[in-house]
Amino acid sequence: MFTGKLEQFEKRVWLASPTMHGDELQYVQEAYDTNWMSTIGTNIKEVEHIAAEKLGCKYAVALSTGTAALHMAVKLAGIKPGERVFCSDMTFSATVNPVMYEGGVPVFIDAERDTWNMDPVALEKAFALYPDVRVVVLANLYGTPAKLSVIREICDKHHAILIEDAAESLGAKWGDQYTGTFGAFNAISFNGNKIITGSSGGMLLTDDETAANQVRKWSTQSREAAPWYQHTELGYNYRMSNVIAGVVRGQFPYLEEHIAQKRAIYERYKEGFKDLPVTMNPYDEDHSVPNFWLSAMLIDESAMCRQSRSDDEATYVPEHGKSCPTEILEVLAKCNAEGRPIWKPMHLQPLYEDCGFVTMDCDVGADIFRRGLCLPSDNKMTPEQQDKVIEMIRRCFD
Ligand SMILES: *Cc1c(COP(=O)(O)O)cnc(C)c1O
(Lines give C-alpha, C1' and ligand atoms only; values in the text may rest on other atoms or scores of the structure.)
Protein backbone atom coordinates (compact mmCIF):
# COMPACT_ATOMS: atom_id res chain seq x y z
CA MET A 1 0.00 0.00 0.00
CA PHE A 2 1.09 3.52 -0.73
CA THR A 3 2.90 5.33 2.07
CA GLY A 4 4.56 8.72 2.20
CA LYS A 5 3.79 11.96 0.47
CA LEU A 6 2.19 12.14 -2.96
CA GLU A 7 4.09 14.42 -5.31
CA GLN A 8 2.18 16.11 -8.07
CA PHE A 9 3.29 16.95 -11.59
CA GLU A 10 2.54 20.53 -12.48
CA LYS A 11 2.04 19.58 -16.12
CA ARG A 12 0.17 16.36 -16.83
CA VAL A 13 2.31 13.37 -17.82
CA TRP A 14 0.50 11.50 -20.57
CA LEU A 15 0.14 7.87 -21.52
CA ALA A 16 0.94 8.65 -25.18
CA SER A 17 0.33 12.03 -26.79
CA PRO A 18 1.25 13.49 -30.18
CA THR A 19 4.88 14.60 -30.61
CA MET A 20 5.21 17.19 -33.36
CA HIS A 21 8.41 18.43 -34.97
CA GLY A 22 7.54 21.37 -37.20
CA ASP A 23 8.09 19.70 -40.58
CA GLU A 24 4.42 18.73 -40.59
CA LEU A 25 3.38 22.36 -41.04
CA GLN A 26 5.36 22.77 -44.23
CA TYR A 27 3.38 19.98 -45.92
CA VAL A 28 0.08 21.21 -44.54
CA GLN A 29 0.95 24.69 -45.85
CA GLU A 30 1.77 23.15 -49.23
CA ALA A 31 -1.69 21.57 -49.37
CA TYR A 32 -3.21 24.93 -48.55
CA ASP A 33 -1.09 26.96 -50.98
CA THR A 34 -1.80 24.60 -53.87
CA ASN A 35 -5.48 24.42 -52.86
CA TRP A 36 -5.45 20.60 -52.64
CA MET A 37 -7.65 20.79 -49.53
CA SER A 38 -9.14 17.49 -50.56
CA THR A 39 -8.77 13.74 -50.51
CA ILE A 40 -6.52 14.02 -53.56
CA GLY A 41 -3.04 15.54 -53.63
CA THR A 42 0.72 15.26 -53.42
CA ASN A 43 0.87 14.53 -49.68
CA ILE A 44 -1.32 11.45 -50.09
CA LYS A 45 0.76 10.14 -53.00
CA GLU A 46 4.01 10.81 -51.17
CA VAL A 47 2.98 9.36 -47.83
CA GLU A 48 1.71 6.17 -49.51
CA HIS A 49 5.06 5.88 -51.25
CA ILE A 50 7.01 6.55 -48.03
CA ALA A 51 5.03 3.95 -46.04
CA ALA A 52 5.30 1.21 -48.67
CA GLU A 53 9.03 1.86 -49.11
CA LYS A 54 9.80 1.98 -45.39
CA LEU A 55 7.77 -1.08 -44.41
CA GLY A 56 8.64 -3.17 -47.46
CA CYS A 57 5.24 -3.80 -48.98
CA LYS A 58 4.10 -3.15 -52.54
CA TYR A 59 0.99 -1.05 -51.92
CA ALA A 60 -0.18 1.36 -49.24
CA VAL A 61 -3.61 2.98 -49.49
CA ALA A 62 -4.10 6.05 -47.28
CA LEU A 63 -7.48 6.04 -45.49
CA SER A 64 -9.36 8.12 -42.94
CA THR A 65 -8.63 5.82 -39.97
CA GLY A 66 -7.04 2.54 -39.01
CA THR A 67 -10.54 1.22 -38.37
CA ALA A 68 -11.48 2.03 -41.98
CA ALA A 69 -8.37 0.14 -43.12
CA LEU A 70 -9.42 -2.88 -41.06
CA HIS A 71 -12.93 -2.67 -42.49
CA MET A 72 -11.50 -2.71 -46.01
CA ALA A 73 -9.28 -5.69 -45.06
CA VAL A 74 -12.30 -7.60 -43.78
CA LYS A 75 -14.19 -6.79 -47.01
CA LEU A 76 -11.22 -7.98 -49.08
CA ALA A 77 -11.24 -11.26 -47.16
CA GLY A 78 -14.86 -11.61 -48.27
CA ILE A 79 -16.36 -12.28 -44.85
CA LYS A 80 -20.01 -13.26 -45.18
CA PRO A 81 -22.80 -12.75 -42.62
CA GLY A 82 -22.71 -15.51 -40.03
CA GLU A 83 -19.17 -16.55 -40.88
CA ARG A 84 -16.85 -17.29 -37.92
CA VAL A 85 -13.59 -15.34 -37.77
CA PHE A 86 -10.71 -15.96 -35.35
CA CYS A 87 -9.71 -12.70 -33.61
CA SER A 88 -7.16 -11.56 -31.04
CA ASP A 89 -8.80 -11.36 -27.63
CA MET A 90 -6.33 -9.00 -25.93
CA THR A 91 -6.80 -5.93 -28.10
CA PHE A 92 -8.73 -2.73 -28.61
CA SER A 93 -12.28 -3.14 -29.94
CA ALA A 94 -11.35 -1.51 -33.27
CA THR A 95 -9.60 -4.76 -34.24
CA VAL A 96 -12.87 -6.66 -34.05
CA ASN A 97 -15.64 -4.15 -34.83
CA PRO A 98 -15.09 -4.31 -38.62
CA VAL A 99 -15.72 -8.07 -38.50
CA MET A 100 -19.12 -7.21 -37.00
CA TYR A 101 -19.77 -4.48 -39.62
CA GLU A 102 -19.72 -7.26 -42.19
CA GLY A 103 -21.89 -9.60 -40.12
CA GLY A 104 -19.00 -11.90 -39.19
CA VAL A 105 -18.98 -13.78 -35.90
CA PRO A 106 -15.78 -13.33 -33.88
CA VAL A 107 -14.28 -16.28 -32.04
CA PHE A 108 -11.66 -14.94 -29.66
CA ILE A 109 -8.29 -16.61 -29.27
CA ASP A 110 -6.66 -16.23 -25.86
CA ALA A 111 -3.32 -14.48 -25.39
CA GLU A 112 -0.03 -16.21 -24.56
CA ARG A 113 2.17 -15.12 -21.66
CA ASP A 114 5.30 -14.65 -23.85
CA THR A 115 4.00 -11.70 -25.89
CA TRP A 116 0.47 -11.00 -24.56
CA ASN A 117 -0.67 -11.61 -28.15
CA MET A 118 -2.62 -14.40 -29.85
CA ASP A 119 -1.44 -17.77 -28.56
CA PRO A 120 -0.41 -19.93 -31.55
CA VAL A 121 -1.23 -23.08 -29.59
CA ALA A 122 -4.76 -21.82 -28.88
CA LEU A 123 -5.07 -20.88 -32.56
CA GLU A 124 -4.25 -24.48 -33.54
CA LYS A 125 -6.85 -25.68 -31.05
CA ALA A 126 -9.38 -23.27 -32.57
CA PHE A 127 -8.76 -24.69 -36.06
CA ALA A 128 -9.35 -28.18 -34.67
CA LEU A 129 -12.69 -26.98 -33.21
CA TYR A 130 -13.74 -24.92 -36.23
CA PRO A 131 -11.92 -26.30 -39.30
CA ASP A 132 -13.98 -24.19 -41.73
CA VAL A 133 -12.73 -20.82 -40.49
CA ARG A 134 -10.81 -19.04 -43.27
CA VAL A 135 -9.94 -15.62 -41.78
CA VAL A 136 -7.75 -14.68 -38.79
CA VAL A 137 -7.53 -11.09 -37.47
CA LEU A 138 -4.46 -10.58 -35.32
CA ALA A 139 -3.29 -7.49 -33.38
CA ASN A 140 0.19 -6.66 -32.07
CA LEU A 141 -0.64 -5.28 -28.63
CA TYR A 142 1.19 -2.20 -27.28
CA GLY A 143 3.71 -2.39 -30.12
CA THR A 144 4.89 -5.91 -29.32
CA PRO A 145 4.88 -8.29 -32.30
CA ALA A 146 2.95 -11.52 -31.94
CA LYS A 147 4.83 -14.70 -32.97
CA LEU A 148 4.14 -13.69 -36.54
CA SER A 149 6.02 -16.35 -38.49
CA VAL A 150 4.46 -19.09 -36.37
CA ILE A 151 0.95 -17.64 -36.69
CA ARG A 152 1.33 -17.25 -40.44
CA GLU A 153 2.51 -20.82 -40.82
CA ILE A 154 -0.61 -22.02 -39.00
CA CYS A 155 -2.81 -19.82 -41.21
CA ASP A 156 -1.10 -21.11 -44.36
CA LYS A 157 -1.51 -24.72 -43.22
CA HIS A 158 -5.26 -24.16 -42.80
CA HIS A 159 -5.55 -22.06 -45.99
CA ALA A 160 -6.72 -19.09 -43.90
CA ILE A 161 -6.28 -15.43 -44.76
CA LEU A 162 -4.31 -13.47 -42.16
CA ILE A 163 -5.28 -9.85 -41.46
CA GLU A 164 -2.70 -8.05 -39.34
CA ASP A 165 -3.73 -5.09 -37.20
CA ALA A 166 -0.45 -3.20 -36.78
CA ALA A 167 -2.15 -0.01 -35.54
CA GLU A 168 -0.11 -0.01 -32.34
CA SER A 169 3.05 -1.61 -33.73
CA LEU A 170 4.18 0.59 -36.63
CA GLY A 171 7.97 0.20 -36.97
CA ALA A 172 8.15 -2.97 -34.85
CA LYS A 173 9.81 -6.01 -36.42
CA TRP A 174 9.53 -9.78 -36.32
CA GLY A 175 12.86 -11.07 -37.65
CA ASP A 176 13.93 -8.50 -40.20
CA GLN A 177 10.39 -7.86 -41.42
CA TYR A 178 8.14 -5.04 -40.26
CA THR A 179 4.79 -5.72 -38.62
CA GLY A 180 1.95 -4.80 -40.94
CA THR A 181 3.40 -6.93 -43.75
CA PHE A 182 2.72 -10.47 -42.50
CA GLY A 183 -0.95 -10.60 -43.43
CA ALA A 184 -2.49 -10.68 -46.89
CA PHE A 185 -4.16 -7.40 -45.86
CA ASN A 186 -2.86 -5.22 -43.05
CA ALA A 187 -3.77 -2.02 -41.23
CA ILE A 188 -1.78 0.77 -39.57
CA SER A 189 -3.11 3.85 -37.77
CA PHE A 190 -2.10 7.50 -37.38
CA ASN A 191 -4.56 8.26 -34.59
CA GLY A 192 -3.41 10.91 -32.09
CA ASN A 193 -2.14 8.43 -29.50
CA LYS A 194 -0.09 6.25 -31.88
CA ILE A 195 3.69 6.26 -32.32
CA ILE A 196 3.44 8.74 -35.19
CA THR A 197 0.26 10.62 -35.96
CA GLY A 198 -1.63 12.68 -38.48
CA SER A 199 -4.17 13.60 -35.74
CA SER A 200 -6.12 10.79 -37.38
CA GLY A 201 -5.63 8.55 -40.40
CA GLY A 202 -4.77 5.00 -41.34
CA MET A 203 -3.51 2.82 -44.17
CA LEU A 204 -4.20 -0.51 -45.73
CA LEU A 205 -1.01 -2.37 -46.67
CA THR A 206 -0.83 -5.25 -49.14
CA ASP A 207 1.29 -6.83 -51.86
CA ASP A 208 -1.83 -7.58 -53.89
CA GLU A 209 -2.35 -5.01 -56.65
CA THR A 210 -5.97 -6.00 -57.34
CA ALA A 211 -6.78 -5.67 -53.63
CA ALA A 212 -5.13 -2.24 -53.40
CA ASN A 213 -7.10 -1.01 -56.42
CA GLN A 214 -10.30 -2.46 -55.00
CA VAL A 215 -9.75 -0.49 -51.77
CA ARG A 216 -9.04 2.71 -53.72
CA LYS A 217 -12.39 2.23 -55.43
CA TRP A 218 -14.45 1.22 -52.37
CA SER A 219 -12.99 4.05 -50.26
CA THR A 220 -14.03 6.69 -52.82
CA GLN A 221 -17.71 5.71 -52.98
CA SER A 222 -17.14 2.90 -55.50
CA ARG A 223 -17.37 5.13 -58.54
CA GLU A 224 -17.18 3.24 -61.81
CA ALA A 225 -15.32 4.54 -64.86
CA ALA A 226 -18.24 6.33 -66.56
CA PRO A 227 -19.05 9.91 -67.61
CA TRP A 228 -21.54 10.17 -64.69
CA TYR A 229 -21.73 8.82 -61.13
CA GLN A 230 -22.11 5.14 -61.88
CA HIS A 231 -22.20 2.51 -59.12
CA THR A 232 -22.35 -1.26 -59.18
CA GLU A 233 -20.91 -1.80 -55.67
CA LEU A 234 -21.56 -0.35 -52.23
CA GLY A 235 -19.15 2.50 -51.56
CA TYR A 236 -17.48 4.21 -48.58
CA ASN A 237 -16.02 7.63 -47.95
CA TYR A 238 -12.81 6.43 -46.36
CA ARG A 239 -9.98 8.29 -48.14
CA MET A 240 -7.37 10.22 -46.16
CA SER A 241 -7.41 14.01 -46.40
CA ASN A 242 -4.43 15.63 -48.14
CA VAL A 243 -4.05 17.91 -45.09
CA ILE A 244 -3.81 14.94 -42.69
CA ALA A 245 -1.45 13.24 -45.14
CA GLY A 246 0.78 16.32 -44.82
CA VAL A 247 1.04 15.80 -41.08
CA VAL A 248 1.80 12.09 -41.49
CA ARG A 249 4.38 12.91 -44.19
CA GLY A 250 6.12 15.24 -41.76
CA GLN A 251 6.04 12.63 -38.99
CA PHE A 252 7.42 9.61 -40.87
CA PRO A 253 11.08 10.71 -40.71
CA TYR A 254 10.77 10.72 -36.90
CA LEU A 255 9.45 7.18 -36.51
CA GLU A 256 12.82 5.70 -35.50
CA GLU A 257 13.49 8.58 -33.10
CA HIS A 258 10.12 7.99 -31.43
CA ILE A 259 10.85 4.27 -31.13
CA ALA A 260 14.23 4.99 -29.52
CA GLN A 261 12.56 7.30 -26.99
CA LYS A 262 9.85 4.74 -26.22
CA ARG A 263 12.48 2.03 -25.83
CA ALA A 264 14.44 4.17 -23.37
CA ILE A 265 11.25 4.67 -21.34
CA TYR A 266 10.62 0.90 -21.26
CA GLU A 267 14.21 0.17 -20.20
CA ARG A 268 14.10 2.81 -17.44
CA TYR A 269 10.93 1.28 -16.00
CA LYS A 270 12.48 -2.16 -16.20
CA GLU A 271 15.57 -0.99 -14.31
CA GLY A 272 13.51 1.04 -11.81
CA PHE A 273 11.29 -1.93 -10.94
CA LYS A 274 13.91 -4.67 -10.97
CA ASP A 275 13.64 -5.41 -7.23
CA LEU A 276 9.84 -5.07 -7.11
CA PRO A 277 7.48 -8.07 -7.42
CA VAL A 278 6.52 -7.00 -10.97
CA THR A 279 7.50 -7.68 -14.59
CA MET A 280 7.27 -5.53 -17.72
CA ASN A 281 5.15 -6.40 -20.77
CA PRO A 282 7.23 -9.19 -22.34
CA TYR A 283 8.40 -9.73 -25.91
CA ASP A 284 10.23 -12.43 -27.82
CA GLU A 285 13.77 -11.13 -27.46
CA ASP A 286 15.22 -13.69 -29.88
CA HIS A 287 12.90 -12.91 -32.77
CA SER A 288 11.34 -9.48 -32.37
CA VAL A 289 11.99 -5.80 -31.80
CA PRO A 290 8.88 -3.99 -30.51
CA ASN A 291 8.30 -0.29 -31.08
CA PHE A 292 7.69 -0.03 -27.31
CA TRP A 293 4.60 2.15 -27.92
CA LEU A 294 3.25 1.51 -24.41
CA SER A 295 5.13 0.29 -21.37
CA ALA A 296 2.98 -1.91 -19.16
CA MET A 297 3.63 -3.84 -15.97
CA LEU A 298 2.28 -7.02 -14.41
CA ILE A 299 2.16 -7.50 -10.64
CA ASP A 300 3.20 -10.90 -9.26
CA GLU A 301 0.27 -12.83 -7.85
CA SER A 302 2.00 -12.95 -4.46
CA ALA A 303 2.13 -9.14 -4.29
CA MET A 304 -1.51 -8.49 -5.24
CA CYS A 305 -3.72 -6.99 -2.56
CA ARG A 306 -7.47 -7.60 -2.78
CA GLN A 307 -9.05 -5.76 -5.66
CA SER A 308 -12.66 -5.85 -6.76
CA ARG A 309 -13.90 -4.72 -10.17
CA SER A 310 -17.45 -4.54 -11.43
CA ASP A 311 -18.52 -3.25 -14.87
CA ASP A 312 -18.25 0.37 -13.76
CA GLU A 313 -16.27 0.52 -10.52
CA ALA A 314 -12.97 -0.61 -9.01
CA THR A 315 -12.05 -0.81 -5.33
CA TYR A 316 -9.24 -2.42 -3.33
CA VAL A 317 -8.21 -3.24 0.22
CA PRO A 318 -4.84 -1.64 1.14
CA GLU A 319 -2.29 -4.09 2.48
CA HIS A 320 1.35 -3.67 3.54
CA GLY A 321 3.89 -4.96 1.02
CA LYS A 322 1.22 -5.43 -1.65
CA SER A 323 -0.58 -3.37 -4.27
CA CYS A 324 -2.86 -3.76 -7.30
CA PRO A 325 -3.58 -1.95 -10.61
CA THR A 326 -6.50 -0.08 -9.02
CA GLU A 327 -4.28 1.42 -6.32
CA ILE A 328 -1.42 2.29 -8.68
CA LEU A 329 -3.79 3.91 -11.19
CA GLU A 330 -5.33 5.93 -8.37
CA VAL A 331 -1.91 7.10 -7.19
CA LEU A 332 -0.85 8.01 -10.74
CA ALA A 333 -4.08 9.97 -11.25
CA LYS A 334 -3.50 11.89 -8.01
CA CYS A 335 0.04 12.70 -9.19
CA ASN A 336 -1.38 14.12 -12.43
CA ALA A 337 0.09 11.26 -14.49
CA GLU A 338 -1.96 9.14 -16.89
CA GLY A 339 -1.96 5.38 -16.50
CA ARG A 340 -4.59 3.03 -17.86
CA PRO A 341 -5.92 -0.45 -17.15
CA ILE A 342 -4.82 -3.16 -19.57
CA TRP A 343 -7.23 -3.19 -22.54
CA LYS A 344 -10.09 -5.31 -21.24
CA PRO A 345 -10.14 -8.55 -23.23
CA MET A 346 -12.86 -8.82 -25.87
CA HIS A 347 -14.42 -11.99 -24.46
CA LEU A 348 -15.14 -10.05 -21.24
CA GLN A 349 -16.90 -7.20 -23.07
CA PRO A 350 -20.70 -7.16 -22.82
CA LEU A 351 -20.84 -6.48 -26.57
CA TYR A 352 -19.03 -9.74 -27.30
CA GLU A 353 -20.17 -11.97 -24.46
CA ASP A 354 -22.02 -14.38 -26.75
CA CYS A 355 -18.95 -15.00 -28.91
CA GLY A 356 -16.75 -18.07 -28.63
CA PHE A 357 -13.46 -17.96 -26.73
CA VAL A 358 -10.67 -20.49 -27.19
CA THR A 359 -8.14 -20.78 -24.36
CA MET A 360 -5.58 -23.42 -23.42
CA ASP A 361 -6.38 -23.65 -19.74
CA CYS A 362 -6.61 -20.61 -17.54
CA ASP A 363 -7.81 -17.47 -19.40
CA VAL A 364 -4.48 -15.65 -19.73
CA GLY A 365 -6.20 -12.46 -20.94
CA ALA A 366 -8.38 -12.12 -17.83
CA ASP A 367 -5.32 -12.71 -15.64
CA ILE A 368 -3.23 -10.02 -17.38
CA PHE A 369 -6.20 -7.65 -17.21
CA ARG A 370 -6.52 -8.28 -13.46
CA ARG A 371 -2.82 -7.89 -12.57
CA GLY A 372 -1.53 -5.50 -15.23
CA LEU A 373 -1.64 -1.82 -16.10
CA CYS A 374 -0.32 0.60 -18.74
CA LEU A 375 2.22 3.17 -17.56
CA PRO A 376 2.81 6.76 -18.65
CA SER A 377 4.80 6.25 -21.87
CA ASP A 378 4.83 9.65 -23.49
CA ASN A 379 7.85 10.47 -25.71
CA LYS A 380 8.18 13.85 -24.09
CA MET A 381 8.36 12.55 -20.51
CA THR A 382 11.75 13.58 -19.05
CA PRO A 383 13.95 11.11 -17.13
CA GLU A 384 13.30 13.21 -14.02
CA GLN A 385 9.55 12.92 -14.46
CA GLN A 386 9.85 9.21 -15.06
CA ASP A 387 12.00 8.77 -11.94
CA LYS A 388 9.21 10.38 -9.98
CA VAL A 389 6.60 8.06 -11.55
CA ILE A 390 8.81 5.09 -10.68
CA GLU A 391 9.23 6.34 -7.10
CA MET A 392 5.47 6.75 -6.65
CA ILE A 393 4.84 3.21 -7.94
CA ARG A 394 7.58 1.79 -5.73
CA ARG A 395 5.89 3.32 -2.71
CA CYS A 396 2.69 1.46 -3.58
CA PHE A 397 4.50 -1.72 -2.49
CA ASP A 398 5.53 -0.34 0.94
C1 LIG B 1 -5.90 2.59 -32.54
C2 LIG B 1 -6.19 1.21 -32.89
C3 LIG B 1 -6.99 0.89 -33.99
C4 LIG B 1 -7.79 1.88 -34.77
O5 LIG B 1 -7.14 2.90 -35.33
P6 LIG B 1 -7.94 4.28 -35.63
O7 LIG B 1 -7.03 4.98 -36.57
O8 LIG B 1 -8.07 4.97 -34.31
O9 LIG B 1 -9.25 3.94 -36.23
C10 LIG B 1 -7.14 -0.44 -34.34
N11 LIG B 1 -6.58 -1.41 -33.62
C12 LIG B 1 -5.82 -1.16 -32.54
C13 LIG B 1 -5.21 -2.30 -31.81
C14 LIG B 1 -5.62 0.16 -32.12
O15 LIG B 1 -4.91 0.39 -31.02
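Read the numbers this way: they start at 1 and go in the same order the structure lists the ligands and their atoms. When a residue number appears, it is its place in the shown sequence, counting from 1. Given the structure is predicted, the values throughout are model-derived calculations rather than measurements.
- Checked against Val136 for a side chain to side chain contact (heavy atoms under 4.5 Å, CB included), the options Cys155, Cys87, Ser88 give a single hit: Cys155.
- In this comparison of Ala69, Ser64, Ala94, the heavy atom closest to atom 10 (C) of ligand 1 sits on Ala94.
- Heavy atoms of Gly201 approach ligand 1 to within less than 4.0 angstrom.
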**Message:** Please determine whether ring-ring contact (aromatic ring centres under 6.0 Å, His included) holds for the pair Phe292 and Tyr266, giving the CA-CA distance in whole Å, both sets of side-chain angles, and the decisive distance to 0.1 Å.
**Reply:** CA-CA 7 Å; Phe292 300 94; Tyr266 179 91; 4.9 Å; yes
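- Atoms of ligand 1 found under 4.0 Å from any heavy atom of Thr95 (numbered from 1 in listed order, with element): 11 (N), 13 (C).
- Between Asn191 and Ser200, the side chains place no donor N or O within less than 3.5 Å of an acceptor N or O (distance only, hydrogens not considered).
- The ligand atoms of ligand 1 that sit less than 4.0 angstrom from a heavy atom of Ala167 are 2 (C), 3 (C), 10 (C), 11 (N), 12 (C), 14 (C).
- In summary, of the residues considered (Val47, Ile195, Ile196, Thr19), a side chain to side chain contact (heavy atoms under 4.5 Å, CB included) with Gln251 occurs for Ile196 alone.
- Shown in contact with Thr91 at under 4.0 Å from a heavy atom are these atoms of ligand 1, numbered in order with element: 13 (C).
- The shortest N or O to N or O distance between Gly66 and ligand 1 is under 3.5 Å.
- Contacts between Ala139 and ligand 1, counted as non-hydrogen atom pairs separated by less than 4.0 Å, are absent for every part of the residue.
- Scanning the protein heavy atoms around atom 5 (O) of ligand 1, the nearest turns out to be Ser189 OG, 3.3 Å.
- A side chain to side chain contact (heavy atoms under 4.5 Å, CB included) with Val28 is found for one member of Val243, Asn242, Asp23, Asp33 and no other, namely Val243.
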**Evaluation steps, ring-ring contact (aromatic ring centres under 6.0 Å, His included), between Tyr142 and Trp343** = CA-CA 10 Å; Tyr142 303 147; Trp343 295 185; 4.9 Å; yes
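- By the criterion of a heavy-atom distance under 4.0 Å, neither the backbone nor the side chain of Asn193 is placed next to ligand 1.
- Residue-to-ligand polar distances place Glu168 within reach of ligand 1: an N/O pair is separated by less than 3.5 Å.
- For ligand 1, the polar-atom distance check finds an N/O of Asp165 within less than 3.5 Å of one of the ligand's N/O atoms.
- Inter-residue side-chain proximity for Phe273 and Leu375 is flagged as met; some heavy-atom pair is nearer than 4.5 Å.
- At least one N/O-N/O distance between Thr67 and ligand 1 falls below 3.5 Å.
- Side-chain contact check for Glu102 and His71: at least one donor-acceptor pair (N or O, by modelled atom type) lies under 3.5 Å.
- Between Asp114 and Tyr283, the side chains place no donor N or O within less than 3.5 Å of an acceptor N or O (distance only, hydrogens not considered).
- Interface of Asn191 with ligand 1, defined as ligand atoms under 4.0 Å from a residue heavy atom, comprises 7 (O), 8 (O).
- In this structure, Lys322 NZ and Cys305 SG are separated by 8.5 Å, a value rounded to the nearest 0.5 Å.
- Every atom of ligand 1 with a heavy atom of Thr65 under 4.0 Å away is listed here by number and element: 7 (O), 9 (O).
- Of the protein's non-hydrogen atoms, Lys194 NZ, 1.7 Å is the one closest to atom 1 (C) of ligand 1.
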